[in-house]
Enquirer: 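One structure, as structure tokens, below. Some questions next.
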Amino acid sequence: MILTLTLNPSLDRTIEVGALTRGAVIRAAATHLDPGGKGVNVTRALLANDVRSCAVIPYGGSEGRRLLDLLSAEGIDMIPVPVEGPTRSNVAIAEPDGTVTKVNEPGTALTPAELDTLAGAVLDAARSAGWVVASGSLPPGAPVDVYAGLCRRFADAGINLAVDTSGPALVSAVNAGPALVKPNRDELAEATGTSIACVGDVLAAVGKLRAMGARSVLTSLGADGALLVEHDEQVWYGECAVEELRSSVGAGDALLAGFLAAGARGATALAEGLAWAGAAVGLPGSRMPRPADIDRTHVRIGPPDPARPLTPPPRSAPGGI
């Protein structure tokens, strides 16, 4: 079983438009409302593909109750923890070329008692978990070492922790020695102070993360695929051709979910993660792929070419794979 923790979940509304023009009145082509939060998405992707998973989530206010309703409608196994502040709402505007403009609310602060309750819920449930995934942004005021503290406690219990976050929270978690971290290109550059323009730059930055304490690093590179560097120095690069781009929201979460579902090791797991991520970007909103959506024939895995340039960043951050 794979357990996920999302400290800052959300209601995610995605609006599809023909083009985004600042200051204009724009008619939406379609809208989608999905339960959001990186850990929530990992659990949704796993359960959609018949892999056991459970999501630990705080919820508050009418938005939080709506979040639980959406998760219940999908049959999501969860451990909801009531908190005082309301659950946040996010808006993503998706254009036909795959560009996504996101407006994310910061969320509301969790009290020390609420954080302790959430940590206790994770530790109680983790006894039956092969992996725990701690992912997403921290709510305002949360200590940056929340994930690092969990990592140290899980290590003592022999539980593997995967961390997918950014900024100081990522750096703090890496220093605690998690089994796996999954930064995207921008998060990797920020955490290591490295400018990343080619695959060789990714390899150098990953080397810094591993020197800081990360055991294995799965880096999502958007349209350029993903790079996996494992604790035993095995290195794999992969990409997945996508025929139709609809929304990259949640693609990185699908990558991590597929990777863990396939054993979290080696080329086979990387290929599965890329297949799930490639399917996710072809779906609207933050919908997670089901078996019928996944086409593994578009995935290519091999050794990395350090000289290969990466696609320049888009004009707005799309999330990516």
Enquirer: Identify the two heavy atoms, one from Glu95 and one from Leu20, that lie closest to each other, and give their separation to 0.1 Å.
Expert: OE1-N, 3.2 Å

Enquirer: Let's go through Arg296 and Glu272 carefully: what are the C-alpha distance in whole Å and the side-chain angles of both, what is the deciding distance for side-chain contact (heavy atoms from CB on, under 4.5 Å) to 0.1 Å, and is it a yes or a no?
Expert: CA-CA 7 Å; Arg296 296 169 179 83; Glu272 189 70 359; 2.7 Å; yes

Enquirer: Between Arg210 (side chain only) and Val217 (backbone N and O only), is there a donor and an acceptor less than 3.5 Å apart?
Expert: no

Enquirer: Would you call Glu74 and Pro35 a side-chain contact if the rule is heavy atoms closer than 4.5 Å?
Expert: yes

Enquirer: Answer with yes or no whether the hydrophobic clustering places Leu115 together with Val144; edges join I, L, V, M, F, W, Y residues whose side-chain heavy atoms lie under 4.5 Å apart.
Expert: no

Enquirer: So which heavy atom on Ala45 is nearest to which on Trp276, and how close?
Expert: O-CZ3, 3.7 Å

Enquirer: For the backbone of Ser10 and the side chain of Glu63, can you confirm whether one donor and one acceptor N or O come within less than 3.5 Å of each other?
Expert: no

Enquirer: Regarding Arg185 and Asp201, does a basic nitrogen lie under 4.0 Å from an acidic carboxylate oxygen?
Expert: no

Enquirer: Please answer: with hydrophobic residues joined when any side-chain heavy atoms are less than 4.5 Å apart, are Val83 and Tyr59 in the same cluster?
Expert: no

Enquirer: Does any part of the side chain of Leu118, heavy atoms only, come nearer than 4.5 Å to the side chain of Val122, both counted from C-beta?
Expert: no

Enquirer: Should Asp69 and Ser72 count as side-chain neighbours, where that means a heavy-atom distance under 4.5 Å?
Expert: no

Enquirer: Is there a side-chain contact between Ile294 and Asn49 in this structure, where contact means two heavy atoms from C-beta onward sitting under 4.5 Å apart?
Expert: yes

Enquirer: Hey, is the main chain of Ala125 close enough, under 3.5 Å, to the side chain of Ser128 for a donor-acceptor pair?
Expert: yes

Enquirer: With clusters defined by side-chain heavy atoms of hydrophobic residues (ILVMFWY) lying less than 4.5 Å apart, directly or transitively, does Val174 cluster with Leu5?
Expert: yes

Enquirer: Is the shortest side-chain heavy-atom distance between Val199 and Leu310 below 4.5 Å?
Expert: yes

Enquirer: Supply the atom-to-atom distance Ile57 CD1 to Thr87 OG1, rounded to the nearest 0.5 angstrom.
Expert: 7.5 Å

Enquirer: Would you find a donor on one side and an acceptor on the other, under 3.5 Å apart, between the side chain of Thr165 and the backbone of Gly136?
Expert: yes

Enquirer: Would a distance-only check, ignoring hydrogens and angles, find a side-chain to backbone donor-acceptor pair under 3.5 Å from Arg300 to Thr297?
Expert: yes

Enquirer: Rounded to the nearest 0.5 Å, what separation is found between the CD atom of Glu16 and the CD1 atom of Ile93?
Expert: 12.0 Å

Enquirer: Test of understanding: clusters of I, L, V, M, F, W, Y form through side-chain heavy atoms closer than 4.5 Å, transitively. Do Met212 and Leu161 belong to the same one?
Expert: yes

Enquirer: After noting the C-alpha distance and the side-chain angles of Asp293 and Arg287, does the key distance pass the side-chain contact (heavy atoms from CB on, under 4.5 Å) rule?
Expert: CA-CA 11 Å; Asp293 302 314; Arg287 188 175 302 170; over 6 Å; no

Enquirer: Check for a donor-acceptor pair, side chain of Arg215 on one end and backbone N or O of Pro178 on the other, with a separation under 3.5 Å.
Expert: no

Enquirer: Under 3.5 Å, is there a donor-acceptor pair between the side chain of Asn184 and the main chain of Gly222?
Expert: no

Enquirer: Any chance you could measure Asp97, atom CG, to Leu245, atom CG, to the nearest 0.5 Å?
Expert: 8.0 Å

Enquirer: Taking Glu105's backbone N and O only, do any of them form a donor-acceptor pair with Asn90's side chain (distance below 3.5 Å, no angle check)?
Expert: yes

Enquirer: Could you tell me if the side chain of Leu188 sits less than 4.5 Å from the side chain of Thr194, heavy atoms only?
Expert: no

Enquirer: Donor-acceptor check, side chain of Ser172 to backbone of Pro168, threshold 3.5 angstrom: yes or no?
Expert: no

Enquirer: Specify the closest pair of heavy atoms between Lys182 and Leu256, including all atoms of both residues, with the distance to one decimal.
Expert: CD-CB, 3.8 Å

Enquirer: Give a yes or no on whether the backbone of Ala251 and the side-chain of Ser248 come within a donor-acceptor separation of less than 3.5 Å.
Expert: no

Enquirer: How many angstroms lie between CG in Leu218 and CD in Glu230, if you round to the nearest 0.5 Å?
Expert: 9.5 Å

Enquirer: What distance separates Asp224 CG from Thr219 OG1, expressed to the nearest 0.5 Å?
Expert: 12.5 Å

Enquirer: Count the heavy atoms of every other residue, nucleotide or ligand shown that sit under 6.0 Å from CZ of Arg290, and state whether that count exceeds 12.
Expert: no

Enquirer: Side chains of Val133 and Asp164: does their closest heavy-atom pair fall under 4.5 Å?
Expert: no

Enquirer: Taking side chain as C-beta onward, heavy atoms only, is Arg88 less than 4.5 Å from Pro106?
Expert: no

Enquirer: How close do Thr14 and Ala94 get, counting heavy atoms only, and between which atoms?
Expert: CG2-CB, 4.3 Å

Enquirer: Flag yes if Tyr237 and Val181 sit in one hydrophobic cluster, no otherwise; membership is Ile, Leu, Val, Met, Phe, Trp, Tyr, and two members link when side-chain heavy atoms are under 4.5 Å apart.
Expert: yes

Enquirer: Report the distance from atom OG1 of Thr43 to atom CG of Leu3, rounding to the nearest 0.5 Å.
Expert: 7.5 Å

Enquirer: Quick one: closest heavy-atom pair of Glu187 and Pro183, and the distance?
Expert: OE1-CA, 3.4 Å

Enquirer: Please indicate whether Trp236 has more than 12 foreign heavy atoms, meaning atoms of other residues, nucleotides or ligands, lying under 6.0 Å from its CH2.
Expert: no

Enquirer: Which pair of non-hydrogen atoms, one from Phe154 and one from Ala126, has the smallest distance, and what is that distance?
Expert: CE2-CB, 4.2 Å

Enquirer: Against Leu70, only a single residue in Asp12, Leu33, Val40 fulfils side chain to side chain contact (heavy atoms under 4.5 Å, CB included); can you say which?
Expert: Leu33

Enquirer: Determine, stepwise, if the pair Asp34 / Arg44 fulfils side-chain contact (heavy atoms from CB on, under 4.5 Å).
Expert: CA-CA 11 Å; Asp34 298 295; Arg44 292 172 64 218; 4.0 Å; yes

Enquirer: Does Val51 form a side-chain contact (heavy atoms from CB on, under 4.5 Å) with Leu260? I'd like the steps, not just the answer.
Expert: CA-CA 10 Å; Val51 179; Leu260 295 175; over 6 Å; no

Enquirer: How about CD on Glu84, more than 12 heavy atoms from neighbouring residues, nucleotides or ligands closer than 6.0 Å, or not?
Expert: no

